[in-house]
Each structure stands twice: as structure tokens, then as C-alpha cells.
Number of protein chains: 2
Amino acid sequence: MELRQLRSLVTLVDCGFSVSQTAERLHLVQPAVSQHLKQIEEELGVRLFQRHGKRLLGLNEAGERVLAFARDALGALGNISALGRDHSQDDSGVLRIGATHTQARYVLPPVIRQFAAEYPAVALELHQGTPAQLIDMVVRDAVDLAVCTEGLGEHLALTAVPCYRWNRCLIAPAGHPVLEQEPLTLGVLCGYPIITYVFGFTGRGNLSNAFAAQGLVPRVVLGAADTDVIKTYVREGLGIGIIAAMAYQPSADTDLVRLDLSDLFPWEVTKIAYRRDKYLRTFQRRFIAVFRAKTAGLAPRGQAVGSGLEGPAPGQAVPDSDR
Amino acid sequence: MELRQLRSLVTLVDCGFSVSQTAERLHLVQPAVSQHLKQIEEELGVRLFQRHGKRLLGLNEAGERVLAFARDALGALGNISALGRDHSQDDSGVLRIGATHTQARYVLPPVIRQFAAEYPAVALELHQGTPAQLIDMVVRDAVDLAVCTEGLGEHLALTAVPCYRWNRCLIAPAGHPVLEQEPLTLGVLCGYPIITYVFGFTGRGNLSNAFAAQGLVPRVVLGAADTDVIKTYVREGLGIGIIAAMAYQPSADTDLVRLDLSDLFPWEVTKIAYRRDKYLRTFQRRFIAVFRAKTAGLAPRGQAVGSGLEGPAPGQAVPDSDR
DNA sequence: AGAATTTACGCGGTCCGTAACCATG
DNA sequence: CATGGTTACGGACCGCGTAAATTCT
């Protein structure tokens with residue numbers, strides 16, 4: 001059992017079972033990869049693939065298990081070489097970040113600016129996705145870190161570092177009648193058409209729960225996956241927006257009036273997650289530190305989130321949310 | 001980074017940093033191993049060893065980390081080949097069991113008899129140790145399974161399968177005055193010199209706790225690591241014995257009278273633990289099943305322990321005990 | 001001085017690439 | 001017949017073993 005054989009197997013799967021494509025990606029020639037796969041099956045004495053003639057279509061059950069172990073082995077090996085590059089004072093490398101739109105658009109820019117200044121030789125990859133996709137990406141090691149708010153707590157394979165807490169604000173065009181309402185309650189909000197995130201994004205779960213807890217049903221006329229879309233339709237006059245507070249930009253959003261809603265909804269905690277068994281290079285850890293430092297001032301009141309695993313944020317329970 | 005290099009590294013550590021011994025164990029020649037180690041350090045660009053001249057004395061911090069990852073990688077590889085042998089209908093192999101004295105002497109014999117009959121080609125290794133040692137052994141993969149009662153719950157790297165529950169009994173020479181005491185209480189027991197297990201063995205923790213919970217201090221005149229020693233001194237008349245109920249053998253212990261004490265002490269649950277990330281061969285899983293089946297009748301009343309993770313045994317809480 | 005490790009060197013195996021062959025849609 | 005995979009074979013590389021040199025006990 002040799003490493004190149006396992007590499008061929010893993011890459012084959014990642015290439016959708018195209019042997020030639022696998023060979024290309026590994027800088028090998030097709031027969032070599034064919035031979036690797038054959039050797040694995042021979043040495044183990046087990047068929048690993050679903051075949052149709054000579055074509056490989058997928059893995060059978062044994063194949064899936066072998067694949068998982070092969071990934072483990074290669075992962076451990078990757079950790080070793082990462083550790084090596086790290087100790088060689090080599091400050092170059094790649095940092096693959098997964099983030100939701102809100103994070104990528106409104107939170108990450110200053111973080112990345114500072115990080116890039118500190119590590120000019122580190123290439124950054126910013127991958128975007130839904131929270132569910134992001135979790136899958138870290139677990140598969142398609143990204144090194146995932147920064148998001150939803151559903152990072154449940155995966156046993158991940159370590160989640162709480163970074164900062166945030167809450168929502170209301171946005172409306174200047175002069176909108178909701179801006180005169182005093183006091184602003186969930187009930188009052190229900191009197192207006194609302195534009196906010198779709199389920200699974202940016203705390204929409206807890207938002208809906210807050211209404212439901214009071215037996216209220218908000219009139220959400222539009223659910224969007226990102227804040228820019230919400231702002232656009234608020235400007236169109238379609239309704240009032242409820243967005244993450246950090247997504248309001250005083251400089252750019254001068255035509256929109258902002259009202260803090262942190263008394264009405266539970267606080268959310270944005271975390272950075274990475275695989276438990278992954279060796280994080282120094283600059284990857286440093287990115288987390290920079291992220292936490294740069295976002296420390298975001299929570300408008302109350303102190304920043306602790307560094308460790310001390311329960312949920314103050315003010316209100318922070319369940320691990322509905323994915 | 002090649003596998004043989006990692007194998008050399010890991011074996012080197014297991015051989016106490018003797019290169020020649022490592023070479024022998026790997027069926028190689030010394031220069032080959034030397035080269036492997038050198039290659040690892042070169043490829044990683046990091047010194048891994050504490051050296052004194054040419055002698056290797058130990059690992060430095062980087063070395064420790066690399067070693068851990070190397071073990072991960074080789075472990076994953078071992079899983080693959082185990083899986084292979086398994087699917088090839090190969091019913092031969094080795095089953096390395098770790099057990100405490102009580103388990104090995106009084107519980108395992110019928111289990112092993114049946115298992116050996118089912119799998120004549122499987123070589124059995126029975127390793128004995130204290131619960132703490134056993135846990136260390138499974139974690140280090142020095143044994144495949146550990147069967148013991150204490151301290152298996154805490155290790156995140158282990159899966160623990162609850163197998164059967166048991167409690168204590170009192171043993172005393174026929175005619176001993178304690179046998180006339182009615183009802184038998186913890187207080188009454190405190191009136192006699194007691195011989196039982198030392199701390200860390202066979203439920204001694206919970207036993208002491210039970211006394212302490214009533215503000216009682218038992219007069220333990222002798223603490224022993226195994227039941228045979230306890231029986232011996234009970235026969236000598238040194239005191240009354242409190243032992244695990246399954247360690248009383250009606251056929252052999254005719255000179256000792258037995259009184260059930262399960263109303264006085266919490267129930268203990270004996271579990272089998274194995275590394276979470278380890279592929280268990282069919283016969284290894286089968287051993288667990290046989291163990292559970294053969295021990296199902298041990299609990300004198302109440303039903304057997306469930307197979308899964310449903311809380312502690314009934315009757316009394318079963319904390320994970322004091323190691 | 002002797003044991004243990006490193007350096008030097010050559011042989012043998014094997015791994016990959018080229019080329020020809022085979023199957024499938 | 002074109003695309004994708006397997007079989008066949010030769011050359012280059014390199015990993016291991018033998019032997020000599022070196023260093024620490």
C-alpha cells in the first residue's frame with residue numbers, strides 16, 4: 001500500500017471517476033493511475049468500484065470506507081508537510097476561507113486588508129456559500145476555515161472559535177412611517193411588510209423564533225440571501241428591512257435610516273470553524289486572531305465574546321440555531 | 001514524504017531511539033533507517049530530534065507533533081489493510097484484549113472459550129493492567145479492545161460499549177459473626193475489618209463513595225489489586241471481603257459464604273472500549289457481541305445493559321468513577 | 001576499543017512513460 | 001470512429017544492502 005496509490009484513489013473520486021483527468025491532475029499518465037487502482041484492489045483483495053465494462057462509475061461500500069481512510073492518511077500527511085513549511089519560517093502559502101455573503105462583504109474586508117499586509121506572500125482564496133455548504137467545505141477540507149454564524153456547533157469534527165456577537169437593525173427609507181413608532185416592538189414591526197434573509201442565512205432562524213415566541217407572524221414579503229438585495233428592495237419601497245447591524249454602512253447607505261433592534265432579538269455569535277484534526281499553520285491561526293481583533297468593536301454594547309468555550313453570549317441564549 | 005520514512009520514525013520512538021534496533025524490527029539495515037530519518041528532516045526542513053553527537057536521545061517539540069501525525073497516517077493505513085483482510089473472508093488475525101485482573105480471571109474465560117471455538121485461526125493476546133494502563137493501551141493502539149469498569153467514559157478518542165452491570169458481594173468464612181447480622185447495612189460493615197480492592201480497581205471508588213455519603217469510614221485493613229488476594233486473606237481470617245459478585249465462584253469457594261450487597265452500593269457497568277478511529281475487524285466486533293451475550297446473565301436482577309448510549313444503568317447513577 | 005551511527009557506492013527492483021491494443025457509445 | 005481504459009515493454013531513478021569511515025562510550 002503506497003501513498004501514490006491512495007492519492008490516485010482520492011483524486012479519482014474528486015475527478016468524478018475519470019482516470020485520465022486524475023492522471024492529468026497528478027502529473028501522471030493514464031496507465032500509471034490505472035495501475036495504482038489495480039494495485040490497491042489486488043493488495044486488498046477487494047473490489048472497490050462499481051464498474052460498467054471498463055468504465056468506473058463509483059465506489060461500492062468497501063470503496064467508500066477505504067476512501068475515507070485514505071483521506072485520513074493523506075490528511076495526516078498534509079499536516080506533516082504544513083508543519084514543516086511552518087517551522088521553516090516559510091511565510092508563504094494559501095489561506096482558503098469560506099464565508100457567507102454577509103461576512104465576505106461587510107466583515108472580512110478590513111480583516112483581510114490587515115492580514116494581507118502582514119502576510120503578503122500568502123495567497124487568499126475566498127469561497128462563498130450557504131452555512132450548510134460552508135460546513136461541508138471545511139469538513140471536506142475544501143477550505144481551511146469557515147466563518148459563519150449558523151450551525152457550526154453540532155459537527156464533532158470541527159472546532160469552532162466564537163469571534164464576535166451581533167444583532168439586527170432595521171433599515172427604511174428616510175421619512176418612512178415606521179421610523180416614528182415609539183416604542184418599537186415586534187408587534188409594531190408586524191404591521192409593515194418586511195424584507196430580510198431567507199432561512200438558513202444570517203440568523204433568520206432566531207429572527208423567526210423571536211416573532212413566533214410572541215405568537216406573532218411577520219409579513220415577510222421578500223426573503224433574500226444577501227444584504228445588498230435587501231437594501232435594494234428597501235430603497236424600492238417594497239418594505240422595511242431587517243438586516244445584520246454590521247451590514248449597514250453609514251457612508252454608503254446615507255439614504256437609509258437605521259434603527260437598532262438588539263432589544264428585540266437574540267444575539268448571534270459568529271464563529272470560525274476548522275477541522276479538529278487539521279494542523280493550522282501559523283498564519284492561519286493568525287488570521288483567526290486578526291479576525292477576532294478587528295471584529296471586537298462590532299458589538300454595540302456589552303463586551304466582546306470570550307476566546308474559549310465559555311457558554312453562550314450574554315443577554316440571551318445563543319442556541320446553535322436552525323442550521 | 002514516504003510511508004517507510006514515517007514507519008522508521010514511529011518504530012524508532014517505539015524502540016527507544018535505537019536506530020539499529022529499529023532497522024532490525026523493520027527488516028531493514030541500519031543505514032536505511034538513518035537515511036529515512038535524515039530524509040524526513042531534510043524534506044521538512046526541521047530538526048526533529050534531541051541529539052547528543054550522533055546519538056538520538058528523543059524528540060523535540062516539532063518531532064512530537066510530526067510523530068503524532070505519522071501515527072495517524074499509519075493508523076489510517078492499518079485500517080485500510082484490516083478492512084482488506086476482512087473483506088477477503090480471511091478469518092485469521094490477532095485479537096489483542098486488555099483487561100483488568102477481575103475481568104481476565106472471572107469474566108473472560110467463558111467468553112474466550114466460545115470466541116476461540118468460533119474463530120480458531122484468530123490468535124488471542126490477553127494483556128493485563130490497571131484501568132489507567134488499559135486506557136493508555138487502547139489509546140496507543142497497543143491493544144484492540146479494553147474491557148474494564150473504570151474511567152472509560154472520559155476519553156474522547158474512545159468508543160465505550162456498555163456490556164453488563166454488576167455489584168458487590170460480601171465474603172466471609174463460614175460461621176463468621178457478620179453472617180448473622182440482620183439487616184446488613186453499611187454501618188454494620190464498618191464494625192468489621194474489611195478487605196477489598198485498592199483505589200482505581202474494580203469499583204473501589206464508588207464503594208468508598210457509598211460509605212462516605214453516609215458519613216461512614218470503613219476500616220479497610222487490606223486493599224488488594226485482585227480478588228484472589230482478597231479471598232486468601234479472608235480465608236486467613238484477617239477480615240471480611242467485599243468483592244465483585246462475579247468473582248465469587250460457588251464451586252471453588254465452598255469454604256466462603258457469600259452475601260449479596262447490591263442494595264448497599266451503586267451498580268457498576270463494565271464496558272468495552274476501542275479507538276473511535278479504528279476499523280474493527282469482523283471478528284473483533286464479534287468478540288464484543290460474544291462478551292455481551294455471555295455476560296448478559298451476570299446481573300442478578302434487573303435487565304441487561306442496553307447496547308447503545310442510553311444513560312447510566314438503572315438503580316443508581318453510574319458516574320465515570322475515579323479512574 | 002567497541003558499539004552505534006553516518007557516508008560512500010553499486011546493484012536490483014520498480015515506477016512511470018511510450019506505444020499498441022481493446023471496449024463502449 | 002472517437003473517447004477512455006488496459007496491456008506490454010523499456011529506460012531511468014532510487015531505495016536498499018554491503019563496506020568503509022567516523023564518533024561517542
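Letters A, B, ... mirror the listed sequences (proteins, then strands); counts begin at 1.
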S.K.: Using a strict cut-off of less than 4.0 Å between a Lys/Arg side-chain nitrogen and an Asp/Glu carboxylate oxygen, indicate whether B:Arg105 and B:Asp226 qualify as a salt bridge.
M.R.: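 Salt bridge absent between B:Arg105 and B:Asp226.
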S.K.: Students often mix this up, so state it plainly: with edges at 30° and 60°, are the rings of A:Tyr119 and A:Phe283 parallel, tilted or perpendicular?
M.R.: tilted
S.K.: Hey, are A:Asp144 and A:Lys278 close enough for a salt bridge, meaning a charged N less than 4.0 Å from a carboxylate O?
M.R.: yes
S.K.: Without decimals, in angstroms, what is the distance between B:Leu37 CG and C:dT5 P?
M.R.: 10 Å
S.K.: Can you tell me how far P of C:dA4 sits from CG of B:Leu12, to the nearest Å?
M.R.: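 Going from B:Leu12 (CG) to C:dA4 (P), I get 14 Å.
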S.K.: For nucleotides 10-17 of chain D, give me every protein contact, N/O to N/O, under 3.5 Å, one pair per line with atom names.
M.R.:
residue : atom : partner : partner atom : Å
D:dG15  : OP2  : B:Gln39 : NE2          : 3.4
D:dG15  : O5'  : B:Arg4  : NH2          : 3.4
D:dC16  : OP2  : B:His36 : NE2          : 2.8
D:dG17  : OP2  : B:Val29 : N            : 3.0

S.K.: Think A:Ser20 has a side-chain N or O under 4.0 angstrom from the OP1 or OP2 of D:dT3?
M.R.: no
S.K.: Protein-nucleotides 23-25 of chain C N/O pairs closer than 3.5 Å?
M.R.:
residue : atom : partner : partner atom : Å
C:dG25  : OP1  : A:His52 : NE2          : 2.9

S.K.: Please determine if a side-chain N or O atom of B:Ser18 lies less than 4.0 Å away from the OP1 or OP2 oxygen of C:dA4.
M.R.: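 Answer no for this pair, as no side-chain N or O of B:Ser18 is under 4.0 Å from OP1 or OP2.
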S.K.: Check whether any side-chain nitrogen or oxygen of B:Lys38 sits under 4.0 Å from OP1 or OP2 of C:dT7, and answer yes or no.
M.R.: yes
S.K.: Counting distance only, does the side-chain N/O of A:Arg286 pair as donor-acceptor with the main-chain N or O of A:Phe115 below 3.5 Å?
M.R.: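 No, because the side chain of A:Arg286 does not come within donor-acceptor range (under 3.5 Å) of the backbone of A:Phe115.
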S.K.: Between D:dT23 atom P and B:Leu57 atom CG, what is the distance in whole Å?
M.R.: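 So the CG-P distance, B:Leu57 to D:dT23, works out to 18 Å.
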S.K.: Checking A:Glu43 side chain against A:Met1 main chain: does a donor-acceptor pair fall under 3.5 Å?
M.R.: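 Judged by distance alone, yes, a pair lies under 3.5 Å.
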S.K.: May I have all residue pairs that pass side chain to side chain donor-acceptor pair (under 3.5 Å) and include part of residues 76-86 of chain B, sequence neighbours excluded?
M.R.: B:Asp86-B:Tyr279, B:Asp86-B:Arg281, B:Asp86-B:Thr282
S.K.: May I ask you to test the B:Phe49-B:Leu12 pair for a side-chain heavy-atom distance under 4.5 Å?
M.R.: yes
S.K.: Between A:Asp14 and A:Arg140, does any side-chain N to carboxylate O distance fall below 4.0 Å?
M.R.: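 The answer is no: the pair does not qualify as a salt bridge.
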